[in-house]
Amino acid sequence: MCGIIGYVGKRNAVPVLLYGLQRLEYRGYDSAGIAVIDKNGDKIIVEKQVGKIKDLQEHLWNRKIEGHTALGHTRWATHGPPTIENAHPHTSQRETISIVHNGIIENYLELKEELIKKGYRFRSETDTEVVAHLFEELYTGDLLETALKVAKKLEGAYAIGVISTYEPDKIVGIKKGSPLIVGFGKDENFIASDIPAVLEYTKDFIVLEDGEIAVVTKDNVEVYNLEGKKLEKKPLHVTWDISVAEKAGYKHFMQKEIHEQPRTIGDTITGFSSSKDEKLFEAIKDADRLYIIACGTSYHAGLVGKFWIEKFARIPVEVDYASEYRYRDRIINNRTVVMGISQSGETADTRFALLDAKKEGAKTIGLVNVVGSSLSRETDYVMYTYCGPEIGVAATKTFTAQLVTLLLFALEAGLKKGTVSKPEYKKLYDELLHIPSKVESILNNEEGIKEIAHKYMNAQDFLFLGRNINYPIALEGALKLKEISYIHAEGYPAGEMKHGPIALIDDKLPVVCVIPQDKYYEKMFSNLQEVKARKGKVVSVATEGDTKVKELSDDVIYIPPASDVLYPILTVVPLQLLSYHIATLLGKDVDQPRNLAKTVTVE
Ligand code: G6P
C-alpha cells in the first residue's frame with residue numbers, strides 16, 4: 001500500500017526522503033515521487049518515476065534539488081494505472097500546494113466534478129488530485145484552518161501529507177483510517193506511514209488517531225482534532241534498533257525473518273507471560289462464542305487458534321475472513337467476543353469489521369504486531385506479538401508468533417475457566433519453551449530444503465494437504481508459495497481430497513503432505529498412499545525418524561517430535577523455506593511480490 005514520508009528541518013530533505021522511501025518499499029508499490037519546497041521557499045519541485053526507488057534515485061542523479069520541507073510517496077495503484085501522471089505527490093493548479101495520500105477518497109468523483117466546474121484541470125486519474133485542488137480552492141491563509149475545511153469534505157479512509165509555498169516551513173498531516181505517525185528529531189521533525197521509515201533519525205513518535213491533524217515545523221509539533229481543538233498527545237518511545245529493519249547479511253528480508261523465528265517465538269512467550277491482561281481473561285470467562293476475523297496469513301493463524309481455543313477454553317469459535325464477516329448477518333450478544341488478528345493492525349477489512357462488531361455490543365480483542373497501530377487502539381483488549389518490524393510482504397515470523405499467542409491465550413482462558421488444569425498448562429508451557437531450539441534445528445536444514453525446492457521449482461501447480469490442526473498449515477504453505485513464486489497452489493484438508501482435488505493428481509503434480517506423528521497420522525498416511533497410487537510426487541513434512549513416510553515419499557523434510565498440539569508451530573517452518581527457495585530460484589522478488597502490499601489499508 002502507499003507509503004508517506006515528510007521532512008521539515010535543517011538538512012537537505014532529499015536524502016532523508018529517499019532513505020525513508022526505501023524503508024517503506026516493503027509495503028508494496030509501483031511508482032514513487034517527491035515534492036520539495038526549494039531553498040527560497042517560492043516553488044515546489046516535483047519528481048516522480050514509475051518502478052522502484054532506485055529508478056527514482058537514478059532519475060534524481062545530478063538534478064541537485066535542495067530544500068528543507070518536503071514530502072515523499074510510494075504509490076500502490078488504486079485509481080488509474082502506475083504512470084508518472086498518477087504517481088504522487090500531486091500538486092494544485094497554481095503549483096502552490098503538494099499532497100501525498102494513502103487510502104481512498106470515496107467521494108472524489110463528486111468533488112472532481114465541482115472542481116472542474118470551477119475551472120480546475122486534472123492531470124491524473126487519481127482520487128488524490130482532488131485533495132490538492134481542494135486545498136488551493138479552500139485556502140484561507142492558514143494551512144491548518146484549510147486542512148480542517150478540506151477534511152470535512154472528504155469521505156473515505158486517508159492519511160494525507162500537505163506542504164505549501166504559502167507556508168514553506170510547515171507540513172500538515174491528516175489521519176482518518178490510514179496510518180500516520182509523527183517523529184520528533186532535534187531541529188527536525190517527520191511524518192510517515194510507519195516507524196521504520198524514520199527510525200534512523202528518531203525513536204520518539206506520536207501515533208495519530210483517526211480525525212487528528214498534525215502541524216509540524218522543524219521545532220514544533222501540534223496536534224488538533226477536526227474541530228480545531230488542540231490536543232495533548234503522549235509520545236511513544238520505541239526501543240528497537242534500526243538493525244531490525246536491515247537485512248543483516250541475509251539475501252532478503254523474508255529469509256532473515258524466517259531465521260529470526262527462534263528469537264521472536266521466545267520473545268513472544270516471554271512477552272505474553274509478562275504482560276498478561278487479567279481483565280481480558282475475566283471478560284472472556286463468560287463468552288458464549290468467539291469470532292476470529294482476519295485476512296491472509298493472519299486468517300490461517302486464526303484457523304489454528306480455533307482448534308486450541310475450543311480444546312482448552314471450550315468456547316465455540318468461528319473463524320472468518322474479515323471482508324466476509326463485515327457484510328454478513330452475524331449474531332452478536334453481550335457474551336460475544338470478537339478477536340481480530342492483524343500483523344500490521346491497519347488492515348482495513350479487519351479494522352472496520354471489528355469496529356462494526358464493537359458497535360453491535362461485542363467485546364473486542366486485537367492480536368497485533370505493530371505497537372500503537374489503529375487496531376490495537378480500537379479494540380477493548382490487545383495482545384501483542386513481539387517480532388519487531390516485519391518487512392517481507394509474505395508474513396513468516398509474525399505467523400508463528402501469532403500461533404504462540406493464540407495457544408497461550410487458549411491455555412490461560414482454559415485455566416481461568418477451569419477447563420485446563422495447572423499441571424496440563426505447565427507441561428505444555430515447558431514444552432513450548434523448547435520450540436525455539438526445535439525451530440532452529442529445522443532452519444539448520446535449509447540447504448536440504450533448497451535442494452528439494454530446486455527439484456520442484458518448475459512445477460505449474462502444487463497441492464498442500466494436512467489434517468486437523470495441520471490443515472491450516474497446508475493452507476498457509478500454499479499461500480506462501482503462490483504469493484512469492486506465482487505458482488498456482490491449493491491447500492486442502494487431506495480427508496476432503498477425495499471429493500475433488502484427487503482429480504488433479506498425475507505424475508507432474510507435487511503434493512506436499514504435512515504428516516507429523518500425531519493422532520491423525522494413520523489417516524494422513526492413507527491420504528499419502530492415495531496420492532502415490534495416482535503417481536503424484538510426494539514431498540512430506542514428517543517427524544524425525546519416520547521411515548515409513550520416507551519410503552513412500554519422493555522427498556521428506558524432517559521436523560523434531562512434539563506434542564500433537566504444538567506441531568503447527570514447527571510444520572510451517574519448512575514450508576516457508578520451501579516457498580522462499582522456489583521463488584528465489586525462479587528469480588522472483590520475494591520481498592516485494594507483484595501486486596501485493598504488506599499493509600492493505602483499502603477495502
Ligand atoms: C496482506 C499481506 C499478507 C497479510 C495480509 C493481512 O495481504 O500481503 O501477507 O497476511 O495482508 O495482513 P495483517 O497485517 O492484517 O496481518
Side-chain angles (χ1 to χ4, degrees), residues 1-3 25-30 76 78 102 157 177-179 193-196 252-254 257-258 264 292-305 319-326 338-355 365-376 378-379 382-385 387-403 405-406 472-473 475-486 491 572 575-576 579-580 583 588-603:
M1 287 287 111
C2 302
E25 279 192 301
Y26 78 95
R27 295 167 67 88
Y29 71 107
D30 38 51
W76 187 80
T78 56
N102 167 211
S178 299
S193 292
D194 63 22
I195 289 173
H252 298 99
F253 281 111
M254 182 180 178
E257 287 159 2
I258 291 173
T264 51
I292 298 183
I293 54 172
C295 308
T297 292
S298 298
Y299 168 76
H300 296 153
L303 289 176
V304 179
V319 190
D320 214 340
Y321 287 115
S323 53
E324 288 298 317
Y325 181 80
R326 187 168 183 207
V338 184
M339 182 193 292
I341 307 178
S342 174
Q343 182 285 127
S344 59
E346 300 295 346
T347 302
D349 288 327
T350 312
R351 280 186 57 210
F352 298 140
L354 268 171
L355 287 172
I365 306 173
L367 168 48
V368 300
N369 187 49
V370 177
V371 178
S373 55
S374 303
L375 202 143
S376 74
E378 289 161 356
T379 44
V382 62
M383 300 188 291
Y384 284 108
T385 49
C387 296
E390 186 174 65
I391 309 288
V393 164
T396 52
K397 62 176 177 177
T398 53
F399 178 70
T400 44
Q402 285 167 348
L403 293 186
T405 312
L406 286 163
I473 300 303
L475 295 179
E476 176 59 9
L479 178 65
K480 284 285 88 86
L481 187 66
K482 62 189 148 196
E483 275 181 313
I484 59 172
S485 72
Y486 320 143
V572 72
L575 303 188
Q576 297 169 340
S579 306
Y580 169 77
K588 307 294 184 215
D589 185 352
V590 296
D591 282 336
Q592 290 157 44
R594 71 178 180 209
N595 304 338
L596 289 180
K598 180 75 182 158
T599 308
V600 183
T601 47
V602 294
E603 264 199 81

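Numbering of ligands and ligand atoms starts at 1, following listing order.
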Straight-line distance of Thr379 OG1 to Leu354 CG, nearest 0.5 Å: 7.0 Å

Distance, nearest 0.5 Å, that separates CG of Asp320 from CZ of Arg326: 13.5 Å

State which residues pass side chain to side chain donor-acceptor pair (under 3.5 Å) with Glu390; sequence neighbours excluded, sorted by chain then number. Thr398, Lys598

For Tyr580, check ring pair (Phe, Tyr, Trp, His ring centres under 6.0 Å) against everything at least two apart and list the hits. His252

Quick one: list whatever passes side chain to side chain donor-acceptor pair (under 3.5 Å) with Gln402, sequence neighbours left out. Ser298

Say you draw a straight line from CZ of Arg594 to OH of Tyr486; how long is it, rounded to the nearest 0.5 Å? 5.5 Å

Show the protein residues that qualify under the rule heavy atom under 4.0 Å from an atom of ligand 1, listing them in chain and number order. Cys295, Gly296, Thr297, Ser298, Ser342, Gln343, Ser344, Thr347, Val393, Ala395, Glu483, Ala597, Lys598, Val600

